[in-house]
Protein chains: 2
Amino acid sequence: MADIPIFGEGEVDAETRANGAAGHKDELRLWLRLLTCTNLIEAEIRSRLRSRFDVTLPRFDLMAQLERAPDGMTLGELSKRMMVSAGNVTGLVDRLLQDGLLERRRAPGDRRSSLVRLTAAGHDSFRAMAEAHGDWIGDFFAGLGDDDVDALMALLGRTKASVRGAIEGQAGIAGEGETDNV
Amino acid sequence: MADIPIFGEGEVDAETRANGAAGHKDELRLWLRLLTCTNLIEAEIRSRLRSRFDVTLPRFDLMAQLERAPDGMTLGELSKRMMVSAGNVTGLVDRLLQDGLLERRRAPGDRRSSLVRLTAAGHDSFRAMAEAHGDWIGDFFAGLGDDDVDALMALLGRTKASVRGAIEGQAGIAGEGETDNV
DNA sequence: ACGAGATATTTTAAGCTTAAAATAATTCGC
DNA sequence: GCGAATTATTTTAAGCTTAAAATATCTCGT
């Protein structure tokens, strides 16, 4: 098997070869474009955070989660919200503690877990970064009109739902109750 | 400075606080949604590649670049196309060589660089993965109609242009000649 | 109160990633 | 040809990331 095309669809050969047998060419191109957009933005944010604030993106993300939780948050909750592993959070928190941006205390009712929150320094530091970050994002999307932004939001909302459907309900459990938090 | 709101825009307070002073709320939400979609898909691909093919996503990406270059490609070219650092490619190539999926030879006219390409085993291995990969992508976007896919492609195209404009031409060099390769 | 299972976190091992410094080879101007 | 600047790659140091195993604690049924 191999050399003989099963379906004849015009210029299938070269395209299908990079594709697998089924016809997912458009979706594949869409995925690559989505990935390119995200990587482009993410790399630039990463680079600016590093050069202008000497901070990594994961650290910024963690601080962003904490900024609206004045009473602190458990590592487990951070892990869930950031969609990263628990071990990852352990390391990030360690390093932020060393930098004096976070403080940690035992959780009141549960000796297994602890709460972390921003220190005053951490809060100030984050506020400065967040302001710049917001401006950068504004600039990145400045070439889109309000209607484009709305349309993209809607389409990405459908995309997210489609992906979640494909991942979770392999057999079709549709109306997920998950709070969207993004 | 700080406590006194400069503009009064209704429910500004809570929103602006997470936002910086300017009004980038919608763009910020758009960015987070874009990021969520991409992360969702990427994490699932990563997980399936690992569990079903025992391969990492960077390795898969590298092999994908090589698949259409039967005569091989330099590490520098791989670095450019994959949009990762040169040192990164060095390590990936090393590991793929060890696994027998790549072969390496000196570049004909330039003793600084070398060419790598897929071995027969690497090619076979990639083809199997690429077929599954294409199917997964098809499933992830199955909830979108053809019109949605087209609309997304177009909007993401504009987004990419907007971001590149914001990054490169800080002062406005618009019509970049770059081949898009994605 | 006991123990089984669940939950929160840490540790470990391996790999990915980058920026910056180090090597090595090429190109180009003169 | 010589040397300076450029280019290709590797090395290094630091941090990010994950899955899986290990700890510690909690919850619940009985």
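Residue numbers start from 1 in every chain, and the chains themselves are labelled A, B, ... in the order their sequence lines are given, proteins ahead of strands. Treat the numbers as computed from the prediction; the structure is a model and nothing was measured.
When side chains are defined from C-beta on, B/F126 does not count as touching B/H133, because their heavy atoms never get closer than 4.5 Å. Using a 4.5 Å cut-off on side-chain heavy atoms (C-beta onward), A/M63 and A/L96 make contact.
Among the heavy atoms of the strands lying under 4.0 Å from B/S85 is at least one base atom, whether or not backbone atoms are also near. Here B/T90 lies in heavy-atom contact (under 4.0 Å) with a base. The residue A/T74 sits close only to the backbone: its heavy atoms come under 4.0 Å of sugar-phosphate atoms, none of a base. Residue B/S114 is in sugar-phosphate contact alone, with no base atom involved, counting any heavy-atom pair closer than 4.0 Å across all strands shown. Looking at heavy-atom distances under 4.0 Å, B/V84 makes contact with sugar-phosphate atoms alone, never a base.
Partners of B/R158 according to the side chain to side chain donor-acceptor pair (under 3.5 Å) rule, which considers only residues two or more places apart in sequence or in another chain, are A/D148. With sequence neighbours excluded, no residue forms a side chain to side chain contact (heavy atoms under 4.5 Å, CB included) with B/D124. In this structure, B/R111 has no side chain to side chain contact (heavy atoms under 4.5 Å, CB included) partners at least two apart in sequence or on a different chain.
Checking the phosphate oxygens (OP1, OP2) of C/dC16, no side-chain nitrogen or oxygen of B/N88 falls inside 4.0 Å. Look at B/S79 and you won't find any side-chain N or O under 4.0 angstrom from OP1 or OP2 of D/dT9.
As rounded to whole Å, 7 Å separates atom C1' of C/dC16 from atom CZ of B/R95. The nearest whole Å value for the distance from the CZ atom in A/R59 to the P atom in D/dG15 is 7 Å. Look at NZ on A/K80: it is 9 Å from P on C/dT9, rounded to the nearest Å. The CG atom of B/D94 sits 13 Å away from the C1' atom of C/dG15 (whole-angstrom rounding). Between the CZ atom of B/R106 and the P atom of C/dA24 there is a distance of 12 Å, given to the nearest Å. In this structure, the CG atom of B/D54 is 10 Å from the P atom of C/dG15, given to the nearest Å. Rounded to a whole Å, the CD atom of A/Q98 is 13 Å from the P atom of D/dA14. Taking atom CG of A/L57 as the reference point, atom C1' of D/dT17 lies 13 Å away to the nearest angstrom.
Between A/R104 and B/A86, the residue whose closest nucleotide on DNA chain C is further toward the 5' end is A/R104.
A distance of 12.5 Å separates CE in B/M83 from CG in B/N88, rounded to the nearest 0.5 Å.
The existence of a salt bridge linking B/R127 and B/E131 is excluded, since no basic side-chain nitrogen approaches an acidic carboxylate oxygen closer than 4.0 Å.
Within the structure, side chain to side chain donor-acceptor pair (under 3.5 Å) pairs that include any residue of residues 93-105 of chain A comprise A/R59-A/D99, A/E103-A/R117, A/R104-A/S114 (at least two apart or interchain).
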Check: protein-nucleotides 20-23 of chain D nitrogen or oxygen pairs below 3.5 Å:
none

Find every protein N or O atom lying less than 3.5 Å from an N or O atom of nucleotides 27-29 of chain D, and list the pairs.
none

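A/L62 and A/L115 fall into different hydrophobic clusters, defined by Ile, Leu, Val, Met, Phe, Trp and Tyr side-chain heavy atoms under 4.5 Å apart, directly or through other members.
With distances taken from any side-chain atom of B/S113 to the nucleotides C/dT18, D/dT9, D/dT25, the minimum falls on D/dT9.
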Query raised in the report: Checking side-chain contact (heavy atoms from CB on, under 4.5 Å) for the pair B/L34/A/L34: CA distance, chi angles, key distance, verdict?
Result: CA-CA 8 Å; B/L34 183 63; A/L34 184 62; 3.4 Å; yes

